[in-house]
**Student:** 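Please read through the structure below; I'll follow up with questions.
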Amino acid sequence: MRSDSVKKGVPRSPHRSLFKALGFIDEELERPLIGVVVAKSEIVPGHIHLDLVAKAASDGVREAGGVPVQFPVIGVCDGIAMGHIGMRYSLVTRELIADSIECMVRAHGFDALIFIPNCDKIVPGMLMAAARLNIPSVFVSGGPMLAGRGADGKTLTLTTMFEAVGAVGAGKMRQAELDELEERACPGCGSCSGMFTANSMNCVTEALGMALPFNGTAPAVHAERLRLAKKTGFLVMNVLEKQILPRSVLTERAFLNALALDMAIGASTNTALHLPAIAGEAGVALSFETFNKISAVTPNLCRLAPASSTPIEELHLAGGIPAVLKELARKNLIDTAAPAVYGTLGDALKNAVNRNPAIIRPIDDPYSATGGLAVLWGNIAPEGGIVKQSAVSPSMLKHSGPARVFESEETAFDAIMGGGIQAGDVIVIRYEGPRGGPGMKEMLAPTAALAGRGLDDKVALLTDGRFSGASKGAAIGHISPEAALGGPLALLREGDIIEIDIPARTIAAKLDAAELQRRKAAWKEPPPKVSSGYLARYAKMVGSAARGAVFE
């Protein structure tokens, strides 16, 4: 056992004395040590209950003959961090999470790991760590929040709140109505209740084969979540015995399955950052071209919030991710023989049933013939940009309009709230990329403000930053190379005509190459926004969003 390195033999007598200071007994030191990596905190709604999930997982480990040992990781609540300096500190934690787990696991000699994430950067950070460490590992998330309900019975999510801010600014909603929504929108613990980034990544973890079925959809407050965690405790002991290692599961087949699911469920654009980063740790190349290749042949079967008002709990009731995968398998769009921590991915589909074809469209009657995400290229995005096309109004799939150029998210938001954006405009927010931000902030505040003012089907928004999984509309992010590196986005001027054609996968300014070159020659790199601390170090190390914004 790996843990023998910290507990066996005469030289490890001092180590055993420290274990005994923790309350361990000799019998426990003869058993496997299972690290339970848990993102519990009291600042994130998706994490507040993870102590209960961790206890259930630990109970399963102990009943199956192992010794569970819990240790924490950090996590930022993207909703609370949104719209201010805090959002610079969201994506950057992904690397901190992976690195800190590596440190803890290597230092303490764990034999196997259970990862308990919830929320945006924590899931991919943990998956990166699992691939890097390559010791037996299983995932179980904290599960999604139930949707809120308005006094009129309508479904509410966090998106409702951000859009309501725009509605109040436009005079379409009274402050008293906003106050009531505030009380009702987020009814309890769990990751926010749409197909936002956290839930997207927890669902994708199922398709990767690293978690049991329903990991992504069983609600946080249901006893089913605790039963799932306890089963995971039993499962990790079997995975340890059989030495099923993450890199034997996280193969190219697994990532292609994950992309197919991603397209079918209309997942967050942030998966285009996280899946390449996870794949890189597993030694698998995953490019933007692969995203479009899978999207071209994978129909979109689900339209959950923010693409509709349907919360993720409805997907669970309809049959969850196994039912979606089973629909895809009918057209051989996934590899059911791909390995999983419990056998093969096909084992998860044996009892799967699509209980509600209105929520999970049959493969022969999809919402669209192509997937939920699309990568666009052109003279302002030579390395690509990403859009959640399943959340774009049909009227905006093709659009041409004048650029309204902003050097930050805040100035763009102020212009939207002040009525300075008109139908037909193309908002450009630059110097918000991984290096220029630094930290590649999410842009939920401006996209939601547009929606609240009734402009989300009339205005496009481009950025070298990124969007929340809760964003909707013609919001095209991750535009690479970023402006801070002299990418073409930095060369745009107010009034330049931008042409967007999502079906054709193109985005371009009506500028010839000679004009772009003249502007490039006159461009000067701006001074860094942050000169000290972790963000300054991050800006020096981080690479292109087109390659997952990983450290180079």
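The figures that follow rest on heavy atoms only: side chains count, while hydrogens, waters and symmetry mates do not.
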**Student:** Please lay out, stage by stage, how R247 and E281 fare under the test salt bridge (charged side-chain N to carboxylate O under 4.0 Å, His left out).
**Tutor:** CA-CA 9 Å; R247 288 184 206 164; E281 294 283 1; over 6 Å; no
**Student:** Any chance you could measure I265, atom CD1, to C203, atom SG, to the nearest 0.5 Å?
**Tutor:** 4.5 Å
**Student:** Using a 6.0 Å cut-off, check whether atom CD of E63 has over 12 heavy atoms from anything other than its own residue.
**Tutor:** yes
**Student:** When you measure from the side chain of N292 to the backbone of V375, do you find a donor-acceptor pair of N or O atoms at a distance under 3.5 Å?
**Tutor:** yes
**Student:** Quick one, I507 with L462, criterion side chain to side chain contact (heavy atoms under 4.5 Å, CB included). Give me CA distance, side-chain angles, the key distance, then yes/no.
**Tutor:** CA-CA 10 Å; I507 177 171; L462 320 180; 3.6 Å; yes
**Student:** C77 and side chain to side chain contact (heavy atoms under 4.5 Å, CB included): which partner among S41, C119, P45, S90?
**Tutor:**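 Single pass found, and it is P45.
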**Student:** Which heavy atom of P362 sits nearest a heavy atom of R330, and at what distance?
**Tutor:** CB-NH1, 4.3 Å
**Student:** Using a 6.0 Å cut-off, check whether atom CG of N351 has over 12 heavy atoms from anything other than its own residue.
**Tutor:**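 Check fails, neighbour count at 12 or below.
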**Student:** Any luck finding a side-chain donor-acceptor pair between S193 and E313 under 3.5 Å?
**Tutor:**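 S193 vs E313: no donor-acceptor pair found between side chains.
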**Student:** So do the side chains of H47 and I122 get within less than 4.5 Å of each other, counting heavy atoms only?
**Tutor:** yes
**Student:** Under the 3.5 angstrom rule, does the side chain of T447 hit a backbone N or O of M443 as a donor-acceptor pair?
**Tutor:**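 Checked: pair present.
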**Student:** Let's go through D51 and Q70 carefully: what are the C-alpha distance in whole Å and the side-chain angles of both, what is the deciding distance for side-chain hydrogen bond (donor to acceptor under 3.5 Å, both in side chains) to 0.1 Å, and is it a yes or a no?
**Tutor:** CA-CA 10 Å; D51 53 343; Q70 295 183 24; over 6 Å; no
**Student:** Tell me whether Q389 contacts the main-chain N or O of L397 through its side chain, where contact means a donor paired with an acceptor under 3.5 Å.
**Tutor:**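 Here the side-chain-to-backbone pair does not exist.
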**Student:** Hey, does L273 have a side-chain heavy atom less than 4.5 Å from the side chain of H478?
**Tutor:** yes
**Student:** Apply side chain to side chain contact (heavy atoms under 4.5 Å, CB included) to residues L208 and V249 and explain how you reach the verdict.
**Tutor:** CA-CA 7 Å; L208 287 171; V249 175; 5.8 Å; no
**Student:** Could you report the tightest heavy-atom contact between I479 and I380, atom names first, then the distance?
**Tutor:**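 In terms of heavy atoms, the two residues are closest at CG2-O, 3.2 Å.
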**Student:** Flag the pair L240 / I34 as yes when at least one side-chain heavy-atom distance between them is below 4.5 Å, and no otherwise.
**Tutor:**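 Of all side-chain heavy-atom pairs linking I34 with L240, at least one is under 4.5 Å.
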**Student:** Can you check whether C192's main-chain N or O pairs, donor with acceptor, with N199's side chain at less than 3.5 Å?
**Tutor:** yes
**Student:** Side chains of S3 and D111: any donor to acceptor distance under 3.5 Å?
**Tutor:**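 The criterion, which ignores hydrogens and geometry beyond distance, is satisfied for S3 and D111.
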**Student:** Keeping T344 on the side-chain end and A338 on the backbone end, is there a donor-acceptor pair under 3.5 Å?
**Tutor:**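 Answer holds: no.
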**Student:** Is there a donor in the side chain of N354 and an acceptor in the side chain of E327, or the other way round, less than 3.5 Å apart?
**Tutor:**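 Result is yes, a qualifying pair exists.
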**Student:** Once rounded to the nearest 0.5 Å, what's the spacing between atom OG1 of T506 and atom CG of D501?
**Tutor:** 4.5 Å
**Student:** Quick check: closest heavy atoms across M145 and G190, and the distance to 0.1 Å?
**Tutor:** CE-O, 3.4 Å
**Student:** For the residue pair V61 and M237, establish whether any side-chain heavy-atom pair is separated by less than 4.5 Å.
**Tutor:** yes
**Student:** Examine distances only and state if a side-chain atom of Y534 and a backbone atom of V92 form a donor-acceptor pair shorter than 3.5 Å.
**Tutor:** yes
**Student:** For D262 and T271, test the side chains for any donor-to-acceptor distance below 3.5 angstrom and give the result as yes or no.
**Tutor:**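 There is such a pair (donor and acceptor under 3.5 Å, judged by atom type) between the side chains of D262 and T271.
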**Student:** State, to 0.1 Å, how close V387 and A475 come at their nearest heavy-atom pair, and which atoms those are.
**Tutor:**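 Shortest heavy-atom contact: CG2-O, 3.5 Å.
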**Student:** What I want to find out is whether R466 reaches E432 closely enough, with some N-O distance under 4.0 Å, to be called a salt bridge.
**Tutor:**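 No.
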**Student:** Does the side chain of L256 reach to within under 4.5 Å of the side chain of T290, using non-hydrogen atoms?
**Tutor:**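 Sidechains of T290 and L256: in contact.
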**Student:** Over 60° means perpendicular and under 30° means parallel, so classify the ring planes of F115 and F139, tilted if in between.
**Tutor:** parallel
**Student:** What do you reckon, is CD of E252 surrounded by more than 12 foreign heavy atoms closer than 6.0 Å?
**Tutor:**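 No.
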**Student:** Taking all non-hydrogen atoms of both residues into account, name the closest pair between V239 and S137 and its distance.
**Tutor:** CG1-N, 4.1 Å
**Student:** Mind running side chain to side chain contact (heavy atoms under 4.5 Å, CB included) on Y367 and T370 for me, showing each step along the way?
**Tutor:** CA-CA 9 Å; Y367 282 103; T370 56; over 6 Å; no
**Student:** Would you check if I363 and L333 make a side-chain contact, meaning some heavy-atom pair closer than 4.5 Å?
**Tutor:** yes
**Student:** Any side-chain heavy atom of P306 sitting closer than 4.5 Å to one from S471?
**Tutor:**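 The answer is no, as the side chains (C-beta and beyond) never meet within the 4.5 Å cut-off.
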**Student:** Cut-off 3.5 Å, side chains only: do N202 and N118 have a donor facing an acceptor?
**Tutor:** yes
**Student:** Between R253 (side chain) and A337 (backbone), is there a donor-acceptor pair under 3.5 Å?
**Tutor:**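 Yes, R253 side chain to A337 backbone: donor-acceptor pair under 3.5 Å.
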**Student:** If every non-hydrogen atom of Q243 is compared with every non-hydrogen atom of P136, which pair is closest and at what distance?
**Tutor:** NE2-CG, 3.6 Å
**Student:** Look up atom OG1 in T463 and atom CD in E482, then write down how far apart they are to the nearest 0.5 Å.
**Tutor:** 10.0 Å
**Student:** In Å, rounded to the nearest 0.5 Å, how long is the span from CG of L328 to OG1 of T336?
**Tutor:**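 Separation between the atoms: 11.5 Å.
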**Student:** With distance as the sole test, does T298 use its side chain to make a donor-acceptor pair with the main-chain N or O of S295 at under 3.5 Å?
**Tutor:**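 Absent.
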**Student:** Parallel, tilted or perpendicular: which describes the rings of H316 and F214, with under 30° parallel and over 60° perpendicular?
**Tutor:** perpendicular
**Student:** Please examine the side chains of F291 and P276, heavy atoms only from C-beta on, and report whether any two atoms are closer than 4.5 Å.
**Tutor:** yes
**Student:** Check for a donor-acceptor pair, side chain of D464 on one end and backbone N or O of A483 on the other, with a separation under 3.5 Å.
**Tutor:** yes
**Student:** Might you work through the salt bridge (charged side-chain N to carboxylate O under 4.0 Å, His left out) test for R88 and E442, ending with a clear yes or no?
**Tutor:** CA-CA 9 Å; R88 299 194 192 284; E442 287 188 341; over 6 Å; no
**Student:** Hey, what do you get for CG (D78) to CG (D120), rounding to the nearest 0.5 Å?
**Tutor:**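 That separation rounds to 4.0 Å.
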**Student:** Verify the distance criterion only: is there a donor paired with an acceptor across the side chains of R225 and S141 at less than 3.5 Å?
**Tutor:** yes
**Student:** Between atom CD1 of I278 and atom CG of L286, what is the distance when rounded to the nearest 0.5 Å?
**Tutor:**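 Rounded to the nearest 0.5 Å, the CD1-CG separation comes out at 9.5 Å.
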**Student:** Step by step, would you call Y538 with F551 a ring pair (Phe, Tyr, Trp, His ring centres under 6.0 Å)?
**Tutor:** CA-CA 8 Å; Y538 179 88; F551 284 167; 5.5 Å; yes
**Student:** Using the side chain to side chain contact (heavy atoms under 4.5 Å, CB included) definition, which of the options H274, R132, M201 pairs with L127?
**Tutor:**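 Of the listed options, the one satisfying the test is M201.
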**Student:** Is the centre of the F196 ring less than 6.0 Å from the centre of the F467 ring?
**Tutor:** no
**Student:** Given V76 and M87, is the side chain to side chain contact (heavy atoms under 4.5 Å, CB included) satisfied, shown in steps?
**Tutor:** CA-CA 9 Å; V76 167; M87 183 42 68; over 6 Å; no
